[in-house]
Amino acid sequence: MEERKEDKKPKNRVKMREQDPLVRARNFMEVPYGYTPEEAIEEASRCLSCLNPSCTKGCPVAVDIPSFIKLIKEGKFIEAAWKIKEENALPAVCGRVCPQEIQCESLCILGKKGEPVAIGNLERFAADYETEKGEIQLPEKPKPTGRKIAIIGSGPGGLTCASDLIKSGHQVTLFEALHKPGGVLMYGIPEFRLPKAIVGKEVDYIKKLGVEVVVNAVIGKLYSVDELFNEYGSDACFIATGAGLPMFLGISGENLNGIYSANEFLTRANLMKAYLFPEYDTPIKRGKKVAVFGGGNVAMDAARVALRLGAEKVYLIYRRSEDEMPARKAENHHAHEEGIEFMLLTNPTRFIDDGKGNVCAVECIKMELGEPDQSGRKKPIPIQGSEFQIEIDVGIPALGTRSNPLLVSTLPDLKLNKRGYIMAEEETGMTSKLGVFAGGDIVTGSATVILAMGAGRKAAKAINEYLKWKYWDTSGFAKTE
Amino acid sequence: MFKIEKKEELSDLVTLFEIEAKDIAKKAKAGNFFVLKIHEEGERIPLTIADFDTERGTITTVFQKVGKTTHHLGTFNKDDYISDVIGPLGRHSHIEKFGKVVCVGGGVGIAPIYPIARALKEAGNTVISIIGARAKNLIFWEDKMRRVSDELIITTDDGSYGRKAVVTVPLDELLRENNDIQLIYAIGPAIMMKFVCKTTEKYNVKTIVSLNSIMVDATGMCGACRIEVGGKTQFACVDGPEFDGHKVDFDLLMSRQRMYIDEEKIALERYTV
């Protein structure tokens, strides 16, 4: 029986059904529908159950991928979800937003000849199945250690670190500056890519594990880090505040009405649900002609949100060519499908005022690619005299973020690098301040959800070691300054 | 959830709340502000911290009913709860002994100028205060302001109380008659702050203003509150809210404050109907 099943293994992966591009471009519902149980079993059956699997090595939090896929194959969906949760507290999130194509799936042996197993889709399936059935299993309560940990920031890094440390028996408090926990999962990633109800459920799971979540707590303002140690009695602290400050183009007219940082545009739409205005109180400009500047995942998200808010035209303006775009392939593909107009090798030079303080056009210049620059990508060079104007009523620079000094500026004994990010040892997250660990975007600059989760995992491990030995040696990273 | 400990109607449009927020009260300083969100569907709006009481664990705010959120907030009563209160935010005022200073509060700006005047007074300054509003019924905290000022001047646009003048008239006189004024603090509507700065510029007296831009997160993350100071873009929430008034582009500030004027109208109409 087993043998014959192997023979019938379909060559291509089971595609996840999606909303029609032209329909979904006008609503905020999730793009892919998720697998049915039959589809999930079919896809899971493609897995060769390698004796020496590589996929797991590609996972920053080391999920036991072959085991959970095997459970799906056997129809044990809930057990599959529990298996993932042994290593990953946010499976429904990761199944949706991880760049699997450059992680686990890139190492899948099937990928050598055809398509790798759709590990991300299967992870999502198992997690959603568990949530839907409501059979959330909590691991056995560990023996309390009496140690207290403060975690600053409830994004993917903070949530992962919290769930690891609570399982070690520590008392964990998660401080969030905004009114809802989840960090970038709440304010940054749009509803159609990551429904907020799903983030809410994953956060609830972490609360059920025993993590205390304190919202509306801007650390550095409301409490200082020293107070978290001295007054709240924390034994260690993990800083995972994310990157934060938006970058702008620095061109004239950028403060006109209608120009938003991608952070603001997405925060209004996602966290504040401005797309439901006036049922929700937060307004957002529903541009008819919208230009987004940048080529990363955030630019794609902003462009696709603008479309869903009713724009007739959404331009994605990027100064390099499509090959250099940092966005995930899937996001790029989705944006194309939905009708986002890509204007490549184009750079904005100024925004034009309609005379009433609103943007009415953007002037751009054509670019050509020259020799590779510091990033290794071909450097875009403006073509003199190629300026032209595009009519727009909303413009969104999506150029990445800088370090937010709000917290770190209150910590003079915390070493920062030249760009203002926290210097932390890569393997442990140890910083120059005793008992303080850091990870995620506030250390690396803008990166991904799963990398922040990986940093949270490493820091949790290192915090456990630190609590045992109280050993603090930062000579390792001090040299890298 | 944050409980309203006290409500006081200062005028038809201006309301005072004391809100239980023990930890914020402990950290608040003159010049700080906070953000609130009144319910699940609410927007985040910045409001001034007009006072704080460490012992009672409360912060005091004074707001004018302008848009949907402030009108709705005005219907809250003592013992009601506000869903989210976040603070203290922004850089606090830089207080030292300057000598003779003038504090100007216009309209609802009287509230945030009060803790600054008090702090300046406590630091040993001679404090002359000017408070002004459109009409008598919009003047509040006269007694509180008098207690922390060596001299208090009251103006109303319509002359229904105090001098019939805008605040810049007595301010100009003060500057003309006193060449030892070291610093001006001005908080009020953007247009008032603009004209205060025009007045004080003539006398070359440093003028600090507190800017009330539109904000969302108010922790530097979004840039909704950006303004230009000395030709450079700044975020009012984290770089301010206080800035050197002579360098602020007030026209840009006012234009940006009007960004959602249509949406505000829709929301307010929908709320009042």
Side-chain angles (χ1 to χ4, degrees), chain A residues 177-180 184 187-188 214-218 220-224 227 241-248 250 254-268 271-274 276-286 353 356-358 397 401-407 409, chain B residues 2 21 23-24 26-28 32 34-45 67-69 72 83-90 214 216-228 233 235 237-238 249 251-256 258-264 266-271:
Chain A
L178 290 166
H179 56 272
K180 280 221 162 88
V184 72
Y187 75 76
V214 182
V215 293
N216 298 327
V218 184
K221 293 283 184 190
L222 187 63
Y223 314 122
S224 70
E227 281 171 337
T241 50
L245 289 188
M247 292 206 282
F248 285 91
E254 202 163 19
N255 293 330
L256 287 169
N257 288 339
I259 311 282
Y260 290 94
S261 74
N263 266 9
E264 180 186 354
F265 193 71
L266 292 173
T267 300
R268 283 181 183 271
L271 175 73
M272 306 310 297
K273 296 198 189 299
L276 298 173
F277 178 88
E279 275 78 40
Y280 278 70
D281 292 338
T282 304
I284 194 165
K285 283 283 166 218
R286 291 175 178 260
D353 191 341
K356 292 180 212 149
N358 308 306
T401 51
R402 294 176 288 137
S403 164
N404 189 337
L406 190 118
L407 171 64
S409 66
Chain B
F2 297 80
D23 294 342
I24 301 176
K26 220 171 14 177
K27 286 294 172 69
N32 284 140
F34 74 103
V35 160
L36 66 73
K37 180 170 162 287
I38 55 179
H39 57 158
E40 176 62 26
E41 294 82 21
E43 61 181 337
R44 294 169 65 102
I45 60 162
K68 191 243 156 177
T69 299
H72 190 166
S83 119
D84 301 281
V85 172
I86 304 111
L89 298 169
I214 294 174
V216 185
D217 69 290
T219 58
M221 196 187 83
C222 84
C225 64
R226 63 196 192 279
I227 41 137
E228 284 174 26
T233 295
F235 289 3
C237 68
V238 287
D249 182 343
D251 294 335
L252 178 71
L253 171 70
M254 286 185 274
S255 171
R256 289 187 63 80
R258 287 192 298 267
M259 177 148 166
Y260 296 103
I261 208 151
D262 296 339
E263 288 82 359
E264 281 163 16
I266 292 169
L268 186 58
E269 272 167 18
R270 200 171 165 271
Y271 174 72

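Here the structure is a predicted model, which means the values were calculated and not measured. Labels below follow one simple rule: chain letters A, B, ... track the order of the sequence lines, proteins then strands, and each chain is numbered from 1.
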Next on the checklist: Is Val35(B) in contact with chain A via its backbone, its side chain, both, or neither, using a 4.5 Å heavy-atom distance?
Outcome noted: neither

Next on the checklist: Please rank Glu254(A), Lys356(A), Arg402(A), Glu279(A) by heavy-atom pairs under 4.5 Å with chain B and give me the top one.
Outcome noted: Glu279(A)

Next on the checklist: Does any part of the side chain of Leu36(B), heavy atoms only, come nearer than 4.5 Å to the side chain of Ile45(B), both counted from C-beta?
Outcome noted: yes

Checklist entry - Minimum heavy-atom separation for Tyr260(A) to Lys285(A), with atom names? => result OH-N, 2.9 Å

Checklist entry - Any chance the side chains of Thr219(B) and Asn404(A) put a donor and an acceptor closer than 3.5 Å? => result no

Checklist entry - Counting heavy-atom pairs under 4.5 Å to chain A, which of Glu43(B), Arg226(B), Glu263(B) comes out on top? => result Arg226(B)

Checklist entry - Between Ile259(A), Thr401(A), Leu271(A), Leu266(A), which residue shows the highest count of heavy-atom pairs closer than 4.5 Å to chain B? => result Ile259(A)

Item to check | Heavy-atom proximity to chain B below 4.5 Å, by part of Leu245(A) | outcome: both

Next on the checklist: For chain B, which candidate among Ile284(A), Asn255(A), Asn263(A) shows the most heavy-atom pairs at distances under 4.5 Å?
Outcome noted: Asn255(A)

Item to check | Interchain contact, Phe34(B) with chain A, by part (heavy-atom threshold 4.5 Å) | outcome: neither

Checklist outcome for this item: Rounding to 0.5 Å, atoms CG (Asn358(A)) and CZ (Arg258(B)) come to a distance of 9.5 Å

Checklist entry - Contact part of Leu252(B) toward chain A, heavy-atom cut-off under 4.5 Å: side chain, backbone, both or neither? => result side chain

Checklist entry - Under a 4.5 Å heavy-atom cutoff, which of Glu228(B), Glu40(B), Arg44(B), His39(B) has the most pairs with chain A? => result Arg44(B)

Next on the checklist: At a 4.5 Å cut-off on heavy atoms, which part of Leu276(A) comes close to chain B: side chain, backbone, both, or neither?
Outcome noted: neither

Next on the checklist: For a 4.5 angstrom cut-off between non-hydrogen side-chain atoms, does Ile24(B) reach Leu222(A)?
Outcome noted: yes

Next on the checklist: Less than 4.5 Å to any heavy atom of chain A: does that hold for the side chain of Leu268(B), its backbone, both, or neither?
Outcome noted: neither

Next on the checklist: So does Cys222(B) get a backbone contact from the side chain of Asp217(B), meaning a donor-acceptor N/O pair under 3.5 Å?
Outcome noted: yes

Checklist entry - What is the ring orientation for Tyr271(B) with His72(B), classed by angle as parallel under 30°, tilted 30 to 60°, or perpendicular over 60°? => result parallel

Item to check | Engaged part of Phe265(A) at the chain B interface, taking heavy atoms whose separation is under 4.5 Å | outcome: neither

Checklist entry - Below 4.5 Å, heavy atoms only, C-beta onward: do Val216(B) and Arg268(A) meet side chain to side chain? => result yes

Checklist entry - For the atom pair SG (Cys237(B)) and CD1 (Ile214(B)), what is the distance rounded to the nearest 0.5 Å? => result 13.0 Å

Checklist entry - Which residue out of Ala267(B), Pro88(B), Gly90(B) racks up the most heavy-atom pairs below 4.5 Å with chain A? => result Pro88(B)

Checklist entry - Contact part of Lys273(A) toward chain B, heavy-atom cut-off under 4.5 Å: side chain, backbone, both or neither? => result neither

Checklist entry - Checking heavy atoms, do the side chain of Lys180(A), its backbone, both or neither come under 4.5 Å from chain B? => result side chain

Item to check | Partners passing salt bridge (Lys or Arg N to Asp or Glu O under 4.0 Å) against Glu227(A) (at least two apart in sequence or in another chain) | outcome: Lys27(B)

